[in-house]
Amino acid sequence: MVSVSDGAMVEQFLLVVGLIGVQVVLAVYGVLIFKLLATGLSLFVFIVYGSLVSAVFLSPFAIFCERSKWPRRFSPTLLAQLLFISFGGVTAFQSLLLLGMRNTSPAIASAMPNLAPGIIFTFAWIFGFEKVSLRCSYSRVKILGTIVCLGGALLMSFFQRLPSVHSLSPHQDNGFQQDKLLGCIYLLAAVVLLASVMILQTAALKELPAPVTMCAITSLVGAVLTALVQLLREGKLEFKSDHLPLGTLIFYALAGGAVNGLCVVLQTWAVKKRGPVLVSMFSPIGTVCSVIISALTLREGITLGSLFGMCFMFMGLYFVLWAKNREDYFPDDEDKQKPLLG
């Protein structure tokens with residue numbers, strides 16, 4: 001007979017392996033997206049297909065696992081929140097992220113979201129969701145971690161203007177490096193938007209405590225909103241690419257939607273079992289994998305300054321997560337303040 005402790009060890013092993021696997025898969029997927037964008041694929045086409053497939057993939061999990069958590073009726077406030085989350089978290093966020101990735105690299109694009117916990121902490125402080133006192137050691141650590149994380153992002157953005165060791169070429173010009181700087185700005189804007197959307201999600205989850213259901217709904221609505229934005233901007237709806245056969249495009253969309261949907265399910269399960277802090281601690285693994293895969297497949301180098309910037313970002317991230325973890329697991333601590341949004 002399997003003991004309770006053995007079952008817990010197996011669950012812990014599966015959780016850790018699953019979270020590492022999620023980061024590796026997302027890193028590979030990021031490099032694939034970069035290659036697709038290099039073919040001239042429209043951002044809007046990619047977002048519409050990917051979001052639709054994610055919604056279809058997540059819907060069965062939402063129906064069979066979370067149906068009991070659905071509210072009897074969706075209030076106007078909840079509907080408005082879901083609309084804003086769909087536009088901000090799907091249409092706007094993914095557009096900025098893909099623009100940033102196209103102008104920089106998969107490694108830089110995967111590193112920037114590590115800023116999110118520090119930015120969420122800052123927004124929560126500004127809007128009064130979180131009490132901060134300089135006499136509280138956890139507050140001081142979170143403030144320090146946020147500053148270090150932002151400093152690392154600025155350092156990484158600055159050094160993106162310089163040529164990397166593997167990309168030195170007499171044909172390089174300053175314009176290309178300016179594009180990299182612009183890409184970093186897109187990525188920073190995407191992370192700020194992501195932090196805002198996550199705070200709004202926290203409020204929406206109080207009325208709809210079903211994260212997979214919310215992901216399915218916002219993916220579907222986001223796909224529709226993205227198509228509307230494309231119609232307004234380009235005057236037409238385009239669901240194919242001039243550079244890829246329709247069958248190939250559909251295959252990539254199905255694969256990408258399934259990957260994103262599976263990652264959402266695994267991360268949601270991990271958050272339920274061990275909380276958001278543990279899940280966030282694995283995100284730097286994705287960045288490291290992106291650097292390695294980009295170097296092997298895309299022959300892309302990275303500046304030493306950018307590597308230092310990434311290290312500072314990871315250091316700041318873990319400062320914030322450490323303080324958050326102490327708040328969650330030591331509720332009677334004298335230094336405890338109101339927890340960071342989970």
Side-chain angles (χ1 to χ4, degrees), residues 26 30 33 37 41-59 62 66 70-71 73-103 109 112-113 115-117 119-120 122-124 126-127 129 182-183 185-239 253 256-257 259-261 263-264 267-268 341:
L26 289 178
I33 292 174
L37 294 177
L41 177 66
S42 168
L43 300 179
F44 296 120
V45 172
F46 182 83
I47 295 171
V48 169
Y49 273 105
S51 300
L52 283 175
V53 175
S54 292
V56 172
F57 183 88
L58 290 173
S59 294
E66 295 183 341
W70 295 355
R73 59 180 295 272
F74 284 55
S75 68
T77 299
L78 178 59
L79 291 175
Q81 289 173 335
L82 292 175
L83 184 64
F84 282 113
I85 292 170
S86 300
F87 181 77
V90 177
T91 304
F93 169 70
Q94 289 194 33
S95 296
L96 289 169
L97 184 67
L98 293 176
L99 280 171
M101 178 186 294
R102 189 167 64 183
N103 284 277
M112 284 295 185
L115 284 168
I119 295 177
I120 292 174
T122 303
F123 283 176
I126 292 173
F127 291 107
F129 292 112
L182 183 62
I185 294 174
Y186 284 137
L187 292 173
L188 285 171
V191 174
V192 172
L193 182 61
L194 175 64
S196 304
V197 168
M198 290 178 71
I199 291 177
L200 187 58
Q201 281 179 331
T202 302
L205 283 170
K206 293 179 181 179
E207 190 172 344
L208 179 63
V212 176
T213 300
M214 184 176 294
C215 259
I217 293 173
T218 54
S219 293
L220 178 61
V221 177
V224 175
L225 292 176
T226 304
L228 290 176
V229 170
Q230 183 188 33
L231 180 62
L232 292 173
R233 181 172 176 178
E234 301 178 0
K236 62 178 180 179
L237 289 175
E238 189 71 47
F239 295 108
V259 166
N260 281 333
C263 289
V264 167
Q267 288 179 320
T268 301
L341 292 174

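Taking every heavy atom of both residues into account, F93 and L193 meet most closely at N-CD2, 3.5 Å. Across all their heavy atoms, P71 and L78 have their closest contact at CG-CD2, 4.3 Å. The shortest non-hydrogen separation linking T218 to S86 is CA-OG, 3.2 Å. In this structure, A227 and V48 approach most closely via the heavy-atom pair N-CG2, 3.9 Å. The two residues G183 and N103 make their nearest non-hydrogen contact at CA-CB, 3.6 Å. In this structure, L187 and M101 approach most closely via the heavy-atom pair CD2-N, 4.0 Å.
For the atom pair CG of L99 and CD1 of I185, the computed distance is 12.5 Å after rounding to the nearest 0.5 Å. In this structure, the separation between CG on L200 and CZ on F84 is 8.5 Å, given to the nearest 0.5 Å. Atom CG of L96 and atom CG of L188 lie 10.5 Å apart (nearest 0.5 Å). The CD1 atom of I85 sits 11.5 Å away from the CD1 atom of I199 when rounded to the nearest 0.5 Å. Here the straight-line distance linking atom CE of M214 with atom CD of Q81 works out to 7.5 Å at 0.5 Å rounding. Interatomic distance, L231 CG to T226 OG1, rounded to the nearest 0.5 Å: 12.5 Å.
With no hydrogens or angles considered, no side-chain donor-acceptor pair links S51 and S219 at under 3.5 Å.
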Residues F123, V192; criterion side chain to side chain contact (heavy atoms under 4.5 Å, CB included); working and verdict:
CA-CA 10 Å; F123 283 176; V192 172; 3.8 Å; yes
Evaluate L194 against L115 for side chain to side chain contact (heavy atoms under 4.5 Å, CB included), listing each step before the verdict.
CA-CA 10 Å; L194 175 64; L115 284 168; over 6 Å; no
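L37 places a side-chain heavy atom less than 4.5 Å from the side chain of L43. You'll find the side chain of L228 stays beyond 4.5 Å of the side chain of T91, heavy atoms only. Annotation: side chain of I119 is in contact with side chain of V191 (closest heavy-atom distance under 4.5 Å).
Checked by atom type and distance alone, the side chain of Q94 never pairs as donor or acceptor with a backbone atom of I47 at under 3.5 Å.
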